**Q** 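Sharing a structure, written as structure tokens. Questions coming.
Keep in mind that this is a model prediction, so the values were computed, not measured.
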Amino acid sequence: MTTNPTSTTPPSLPPAARAGRREWTALGVLMLPLLLVSMDVSVLYFAIPAISADLEPSGTQQLWIFDIYGFVLAGLLMTMGSLGDRIGHRRLLLIGAAAFGTASLMAAYANSAEMLIAARAVLGVGGATLMPATMAILRTMFTDPAQRAKAIGLWSGVMTAGIALGSVMSGVLVEHFWWGSVFLVNLPAMALLLILGPVLLPESKSPEPGRFDRLSVPLSMAAVLPVVYGLKEIPSEGWNVLYVVSITVGLLFAALFVHRQRTATAPMISPALFRGRGFAPSVVLNLVCMFGVMGSSYFTTQYLQSVLGMGALEAALWALLPSVPIAAAGPVATQLVQKGVNRAYVVTAGFAISAAGFALLSFAGTDSLWLVLSACAVIAVGGVTVMSQIMDLAMGAAPVERAGSASSLLETGAEFGGALGMAVLGSIGTAIYRHEIPASAPDAAHETLGGALAVADQVPGLAGVAREAFTSGMQGAAIAGAVLLAGAAVLAAVTLRRVEARERACETPDAPSNLSTSGV
């Protein structure tokens, strides 16, 4: 058999090296910081009362103790992802682990509200280094597409489960120890990462990183922080002018940030990432997925405590039940794709499952514990199914040398999606709630269900009416969520089938090679 020297067929690529026991062990080490970073989002749920009694923070300080971690994390994700591409993700991961451990110790023994706020801010900085670095290193270790898909499925499940575990862990620790113990649990995991990381984890960075664009750092933070702040406040405070202005300012800076990335010689986020087949749709679909997952959690937590009257720890323990099937959702979705099921169908099915969960939630009454828990489980299973496949598609489309930037964009989009879901669905639920509360009820009752229950002894029957109104609001928001995610299922089916059609076209012998943008 002879070879045609003039053939335009691109040469066959050598098969990717398969990961062995060392890489899978390293993945277990990587899961530790990821679990703790996601747990720290909710770890203060039950510690706040004890902190308030000990440090006596003002109302504003208490809000910052709770929120500063998430704000700093969201604001620095893109910066840290890009920085890791330049200096090395393992190096940045170890720096972040040291910062996270130091800040945890500082938070545990904080003797003032100001000190605790500062410690939580440093924890956010550490978390912003850890999240994109873990995904970038995972992308480096698992070059075989099938193995990478399995690893990313595990990554998605651990990150989602960590948020649920954080609140329960804080409740158990605060009940048996002092509030600082919720931070001290971070230390053994970070110490283990600092010891084993240099041995097990490979270094990965761009061979030609270019200069670091310092101007993009404040621009990215000015784009992210005002929008996230406004979206997080709207569900509880309403469409206040301050929050609308905050979101508008953030969007203006976002436009400046995008312009900077398109015109700078060495941008923080290379526009070439979005030329990778499937990357841009992945960012959008991941955002919509988090819209649904976080939007539903805004109601279910309040439902368990304020409608069913559970204590905080009891509610958190019940809320763990929907997390049980999450662990299997990502790996099962990956298995389906690897057995030949079209990825577009799997992602579409994930959105459809989440939409069905919202539809189920719309039938909840004021005494529907199992129905609400079942709906939460269905929504979460659909969400993890989508996330595991979307992240695998995006990371496969991104060149290895830009894995940090790609991961940080996905995670920043997820932060936006979660905040947007809580704002939009929360606003729908609040509008319905306020419409159904009698005009003669005290002002506090018109604001929130908690406010109504606080003054319920002043108006006979107000507690029951308020619980009915909240449940009606949850039903209305659930219908809106079901419609949105059903639309996302259609969008996923159309866009991902187009992506796969283009991939098949590029794989044909007569198609031009486009390896630089496909991430192959």
Side-chain angles (χ1 to χ4, degrees), residues 32-45 47-48 51 57 60-84 89 92-110 112-135 159 162-163 166-167 170 179-180 182-187 189-190 193 217-233 246 250 290 294 404 407-419 422:
L32 287 173
L34 177 65
L35 181 66
L36 292 173
V37 168
S38 59
M39 285 172 62
D40 259 47
V41 172
S42 57
V43 78
L44 290 187
Y45 281 176
I48 281 291
I51 291 172
T60 301
Q61 287 175 329
Q62 181 170 304
L63 287 174
W64 278 113
I65 289 172
F66 194 84
D67 289 336
I68 190 66
Y69 173 80
F71 288 153
V72 173
L73 177 69
L76 286 176
L77 278 170
M78 286 190 288
T79 297
M80 294 305 179
S82 178
L83 184 61
H89 293 290
L92 189 64
L93 180 74
L94 297 178
I95 293 172
F100 202 86
T102 302
S104 297
L105 191 64
M106 178 178 158
Y109 293 100
S112 68
E114 293 83 0
M115 183 176 177
L116 183 56
I117 292 170
R120 288 278 288 170
V122 178
L123 280 170
V125 176
T129 68
L130 296 172
M131 290 186 73
T134 56
M135 178 58 75
M159 184 179 67
I163 298 174
S167 59
S170 69
W179 60 263
V182 303
F183 298 107
L184 290 183
V185 294
N186 296 333
L187 297 181
M190 294 303 157
L193 178 61
V217 175
L219 281 178
S220 66
M221 295 187 71
V224 173
L225 292 179
V227 176
V228 172
Y229 170 72
L231 292 175
K232 283 182 177 291
E233 294 300 316
S246 178
M290 288 304 297
M294 296 305 296
S407 175
S408 67
L409 278 172
L410 283 167
E411 289 154 9
T412 303
E415 291 287 334
F416 276 123
M422 295 179 72

**Q** Please report the shortest heavy-atom distance between V72 and A121, naming the atom on each side.
**A** CG1-O, 3.6 Å
**Q** Distance from Y109 atom OH to L116 atom CG, nearest 0.5 Å?
**A** 14.0 Å
**Q** Identify the two heavy atoms, one from G96 and one from T129, that lie closest to each other, and give their separation to 0.1 Å.
**A** CA-OG1, 3.0 Å
**Q** Do M80 and V125 make a side-chain contact, defined as non-hydrogen atoms from C-beta onward lying under 4.5 Å apart?
**A** yes
**Q** Check L187 against G101 and note the closest heavy-atom contact, atom names and distance.
**A** CD2-O, 3.2 Å
**Q** How long is the straight-line distance from CE of M190 back to CG of L94, given to the nearest 0.5 Å?
**A** 11.0 Å
**Q** Could you report the tightest heavy-atom contact between L184 and A108, atom names first, then the distance?
**A** CD2-CB, 3.6 Å
**Q** Between S246 and P226, which heavy-atom pair has the shortest distance, and what is it?
**A** OG-O, 2.7 Å
**Q** Any heavy-atom pair between the side chains of T102 and V122 that's under 4.5 Å?
**A** no
**Q** So, for S220 and T79, which heavy atoms are closest and what is the spacing to 0.1 Å?
**A** OG-OG1, 3.6 Å
**Q** Measure the CG-CG distance between N186 and L193 for me, rounded to the nearest 0.5 Å.
**A** 12.0 Å
